[in-house]
Amino acid sequence: MGNSCCLLCGCVDQASVGIIERWGRFEKLAEPGLHFFNPLAGQWLAGVLSTRVNSLDVRIETKTKDNVFVQLVCSIQYRVVRQNADDAFYELQNPQEQIQAYVFDVVRALVPKIGLDELFEQKGEVAKAVLEELEKVMGAYGYSIEQILMVDIIPDASVRKAMNEINAAQRLQLACVYKGEADKILQVKKAEGEAESKYLGGVGVARQRQAITDGLRENILNFSHKVEGTTAKEVMDLIMITQYFDTIKELGNSSNNTTVFIPHGPGHVRDITDQIRNGLMEASSGNVKIE
């Protein structure tokens, strides 16, 4: 419902306050409800003000400390103070323009002292400074500033693009660092695995050779004991010949089409035996010298 009045009476809605004049001069405030006037005495309802909270959005373009142009969107929530409604009715012709002018003045005086990054972090401080200034000024005109919200901070499009690229570059750099660390750990673990594998392979080969040596020694001793008159050298030659023919047999049974040229004949077998024996004797003499 809207406020209604005639020459003799007037109705003021809830959340509103009426202004009653006598002969063009303010007389009193009219609370919500029905009021009767004496037109013969020059009394009438001059106007009605709403005491509800109003919202005014103000868009300000200014420059930061680091010379970046930004647009700030402020939402000012204000209302008429019921007790001072006469000041609000008579003092200001257009309160929205007055509020907007003060917001422009405070923001353009404060933001140029702050960098762009700090502005995003301190937008609450900017809103607080605007609120304090408006409360002092608009309070004298019968208005109460309920709250000021810094709704949005909009840098120039090129600046936003540059900021996004910087952020993307930083994240890419961090990703490269993490990837490098992962590759490093992978290489270290791979090297450790290869070292462990080679160590275990060497241990296996050493055990294999030890087993072969123990087996040869046992065979020589058994053969010497069972066949009287044989020497260890003769037994060793017999074992080497046996191993030689086993090797030729394995090469012949192999499925791979590989041609191997090896010397063949009793004399060559003896040469191989002598070479192995000499190698064992040199290794034994070397161990004795070292000790």
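Numbers here are sequence positions counted from 1.
- Separation of atoms CD1 (I60) and CD (Q71) is listed at 9.5 Å; rounding is to 0.5 Å.
- Taking the side-chain contact (heavy atoms from CB on, under 4.5 Å) definition, one finds that P95 meets it with L92, Y143, sequence neighbours left out.
- Separating the CZ atom in R59 from the SG atom in C74 is a distance of 10.5 Å, to the nearest 0.5 Å.
- A heavy-atom distance below 4.5 Å is not found between the side chains of N94 and Q98.
- For F26 against Y90, the heavy-atom pair with the smallest separation is CB-OH, 3.6 Å.
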Exercise answer: donor-acceptor pairs, residues 104-118 side-chain atoms, under 3.5 Å, sequence neighbours excluded:
from : atom 1 : to  : atom 2 : distance (Å)
R108 : NE     : E61 : O      : 3.3
R108 : NH2    : E61 : O      : 3.2

Pair I148-Q77, side chain to side chain contact (heavy atoms under 4.5 Å, CB included): steps then yes or no: CA-CA 6 Å; I148 293 181; Q77 299 176 359; over 6 Å; no
For residues 45-52, which side-chain N or O atoms pair as donor and acceptor with protein atoms under 3.5 Å away, sequence neighbours left out?
from : atom 1 : to  : atom 2 : distance (Å)
S50  : OG     : R52 : N      : 3.2
T51  : OG1    : A15 : O      : 3.0
T51  : OG1    : R82 : NH2    : 3.4

From CA spacing to verdict: side chain to side chain contact (heavy atoms under 4.5 Å, CB included), H35, V12: CA-CA 8 Å; H35 297 270; V12 179; 4.0 Å; yes
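- Remark: L119 CG to E121 CD distance equals 9.5 Å, nearest 0.5 Å.
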Evaluation steps, side chain to side chain contact (heavy atoms under 4.5 Å, CB included), between L29 and I19: CA-CA 5 Å; L29 299 175; I19 306 296; 3.4 Å; yes
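- The side-chain heavy atoms of Q147 and L149, taken from C-beta on, include a pair separated by under 4.5 Å.
- By the 6.0 Å contact criterion, CD on E194 is enclosed, its count of non-hydrogen atoms from other residues, nucleotides or ligands being greater than 12.
- Hydrophobic clustering, with ILVMFWY side chains joined whenever heavy atoms are under 4.5 angstrom apart, groups Y141 together with V58.
- Here A41 pairs with R22, N38 under the side-chain contact (heavy atoms from CB on, under 4.5 Å) rule; sequence neighbours left out.
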Check against side chain to side chain contact (heavy atoms under 4.5 Å, CB included), Y78 and V53: CA-CA 5 Å; Y78 66 98; V53 176; over 6 Å; no
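- Between I76 and V103, the closest side-chain pair of non-hydrogen atoms falls below 4.5 Å.
- The number of heavy atoms from other shown groups lying within 6.0 Å of CD (E192) is above 12.
- A donor-acceptor pair shorter than 3.5 Å can be found between the side chains of Q43 and E27.
- Here CD of Q100 is found 9.5 Å from CD of Q96. Values are rounded to the nearest 0.5 Å.
- Cluster annotation: V126 is connected to F120 through the hydrophobic network of ILVMFWY side chains, with a link wherever side-chain heavy atoms come within less than 4.5 Å.
- Here the side chains of T62 and F69 are not in contact, with every heavy-atom distance at 4.5 Å or above.
- Side-chain contact between V70 and I154: absent, with no pair of heavy atoms (C-beta onward) separated by less than 4.5 Å.
- Evaluation of the side-chain contact (heavy atoms from CB on, under 4.5 Å) rule for D87 yields N84, E91 as partners, not counting sequence neighbours.
- Using a 4.5 Å heavy-atom threshold, the side chains of E146 and R79 count as touching.
- Considering CD1 of I20 and CG of D86, their distance stands at 12.0 Å, rounded to 0.5 Å.
- Taking every heavy atom of both residues into account, S16 and P32 meet most closely at O-CG, 3.5 Å.
- Apart from V203 itself, the hydrophobic cluster it occupies contains Y199, L200, where clustering links Ile, Leu, Val, Met, Phe, Trp and Tyr at side-chain heavy-atom distances under 4.5 Å.
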